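First listed ligand is number 1; within each ligand, the first listed atom is number 1. Just the heavy atoms: all of them, side chains too, but no hydrogens, waters or symmetry mates, feed the values below. Model, not experiment: these values are computed from the prediction.
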Amino acid sequence: MRRVAFLTSGGDCQALNATMRGVAKTLYNADPDTEIIGILDGYKGLMYENYKKLTPETFSGILTQGGTILGSSRQPFKNMRKPDANGMDKVLAMVNTYKKLKLDCLVILGGNGTQKTANLLREEGLNVVGLPKTIDNDIWGTDMTFGFQSAVNIATNAIDCIHTTAYSHSRVFIVEVMGHKVGWLTLHAGIAGGADVILLPEIPYDIDAVVEAIEKRAKEGKRFSILAVAEGAISKEDAALTKKELKAKLKDNPYPSVSYKIGAEIEERTGHEIRITVPGHTQRGGSPCAYDRVISSRLGAAAGELILQGKYGYMVGFRDNEIIPVPLEEVAGKLKMVDPDSSIIREAKSLGISFGTKD
Ligand code: F6P
């Protein structure tokens with residue numbers, strides 16, 4: 001009889017439950033006596049022994065349910081080695097809970113920070129299997145993360161809805177898409193939604209080039225322009241600053257987010273009427289799309305198979321349409337970013353999309 005615990009950590013997304021269902025089904029099908037424990041609210045539950053026993057019924061009907069039935073929380077990796085407010089050693093506490101529960105394996109669903117802590121627990125001697133969750137699609141070692149395609153659909157729908165009203169009023173619209181460090185979501189939603197300008201953290205923008213792209217469209221008789229702007233879009237001037245200099249510069253920044261700054265600059269230079277839409281956390285909400293249901297079920301099944309084989313210390317990844325185990329030590333601490341020289345950027349430029357650069 002196996003005892004396995006599941007844990008969901010970091011920002012949630014649409015297919016967490018679908019993925020856990022995939023792991024659970026695979027384990028129960030191989031051995032109906034498998035015991036599954038749900039650790040509540042991410043690593044916090046593992047630190048403070050907050051968990052509950054799950055049964056096959058728990059996983060019934062959750063394929064289509066967004067969010068996470070276990071709850072989640074953000075426990076930054078950089079604080080893991082720092083004691084909590086009561087002086088408790090967090091890593092030791094997590095190891096102790098694992099031992100107390102007599103687990104054979106801990107299945108950890110999460111993004112970059114989560115995978116780093118999963119690797120830390122592996123180094124501490126725990127049997128762990130990671131699963132790549134995030135709407136950002138920025139986890140190294142996997143072509144795709146679950147949650148990404150659902151979020152692309154939602155952000156695309158936001159841009160689609162803006163199209164009709166932008167046309168009616170001859171306005172310039174900015175749709176701010178999630179992604180502080182990487183722009184995969186903005187890039188895909190921007191292309192899918194027919195955005196005219198896409199601004200990504202990986203390609204610092206030149207406001208003159210952004211304005212030129214908008215004015216060119218206006219001269220061509222286009223009634224509106226739509227910009228898809230990542231939360232982490234950055235101007236080339238700001239990108240040239242050190243972290244410290246940027247922090248000092250942003251101290252008195254009057255704008256709630258980068259889109260408002262860009263919007264104000266465009267309005268000032270062109271006189272165009274600007275509107276800003278921030279779909280925010282709706283991008284992480286609702287039911288997983290069909291693509292995510294398939295990929296999360298496959299990833300979950302593959303994680304279950306690894307556990308049945310006693311192969312631990314891997315994150316289950318997706319490459320070239322195959323599910324593959326990727327050593328956690330390779331995944332930990334790396335980000336998968338948009339390469340400004342990649343073919344998707346070239347193709348988007350061929351379509352006439354501006355990335356806010358002069359080329
Ligand atoms: O990592 C997922 C993500 O949704 C990012 O795209 C976004 O920048 C961030 O989380 C928002 O975090 P929070 O939910 O903690 O505000």
Side-chain angles (χ1 to χ4, degrees), residues 7-19 41-44 66-68 70-80 108-118 130-142 144-159 174-190 192-193 198-203 228-234 246 250 253 255-262 276-289 292 295-296 315 331-338:
L7 176 159
T8 55
S9 165
D12 72 344
C13 77
Q14 291 87 348
L16 281 160
N17 293 328
T19 309
D41 296 334
Y43 287 118
K44 200 158 78 177
T68 162
L70 299 181
S72 189
S73 65
R74 288 201 185 273
Q75 304 294 325
F77 175 77
K78 64 175 192 284
N79 295 339
M80 281 298 174
I108 300 172
L109 296 84
N112 276 297
T114 299
Q115 302 301 334
K116 273 206 252 179
T117 301
L131 282 154
K133 165 245 65 160
T134 169
I135 63 164
D136 297 333
N137 195 28
D138 60 354
I139 299 183
W140 191 91
T142 184
M144 192 58 68
T145 58
F146 58 86
F148 176 65
Q149 293 293 346
S150 303
V152 169
N153 287 354
I154 294 168
T156 302
N157 184 46
I159 299 173
I174 297 179
V175 180
E176 184 174 290
V177 180
M178 271 190 166
H180 272 298
K181 292 187 181 149
V182 299
W184 290 109
L185 183 52
T186 310
L187 178 60
H188 281 244
I198 297 179
L199 303 182
L200 310 176
E202 294 91 336
I203 308 179
V229 173
E231 284 174 318
I234 185 164
L246 185 60
L250 294 180
N253 165 37
Y255 305 108
S257 71
V258 68
S259 298
Y260 288 85
K261 173 177 177 266
I262 294 170
I276 291 156
T277 297
V278 185
H281 287 76
T282 64
Q283 294 162 94
R284 292 211 317 237
S287 187
C289 67
D292 271 339
I295 194 174
S296 58
M315 182 193 78
V331 174
K334 294 185 200 139
L335 262 189
K336 185 183 71 186
M337 305 188 81
V338 176

Atom indices of ligand 1, in the order listed, that fall short of 4.0 Å to a heavy atom of [X]:
{"X": "R74", "result": "9 (C), 10 (O), 11 (C), 12 (O), 13 (P), 14 (O), 15 (O)"}
{"X": "E231", "result": "7 (C), 8 (O)"}
{"X": "H281", "result": "13 (P), 14 (O), 16 (O)"}

Mind listing the closest non-hydrogen atom pair of V152 and L185 along with its distance?
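What the structure gives for the nearest pair is N-CD1, 3.5 Å.
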Separation between CD1 of I174 and OG of S259, rounded to the nearest 0.5 Å
5.5 Å
Using a heavy-atom cut-off of under 4.0 Å, does the side chain or the backbone of L185 touch ligand 1, or both, or neither?
neither
Any side-chain heavy atom of D136 sitting closer than 4.5 Å to one from N112?
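Contact flag for D136/N112 side chains = no.
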Any side-chain heavy-atom pair from I295 and M144 closer than 4.5 angstrom?
yes
Among all protein heavy atoms, pick out the one at the shortest distance from atom 6 (O) of ligand 1; state its residue, atom name and that distance to 0.1 Å.
D136 OD1, 2.7 Å
Considering non-hydrogen atoms of the protein only, which is the closest contact for atom 11 (C) of ligand 1, and what is the distance?
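The closest one turns out to be R284 NH1, 3.6 Å.
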Under the 3.5 angstrom rule, does the side chain of S72 hit a backbone N or O of G10 as a donor-acceptor pair?
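Pair found, side chain donor or acceptor close to backbone of G10.
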Is the backbone of Y43 close enough, under 3.5 Å, to the side chain of Q75 for a donor and an acceptor to pair up by distance?
no
Check contact between G111 and ligand 1, using heavy atoms of the residue and a distance below 4.0 angstrom.
no
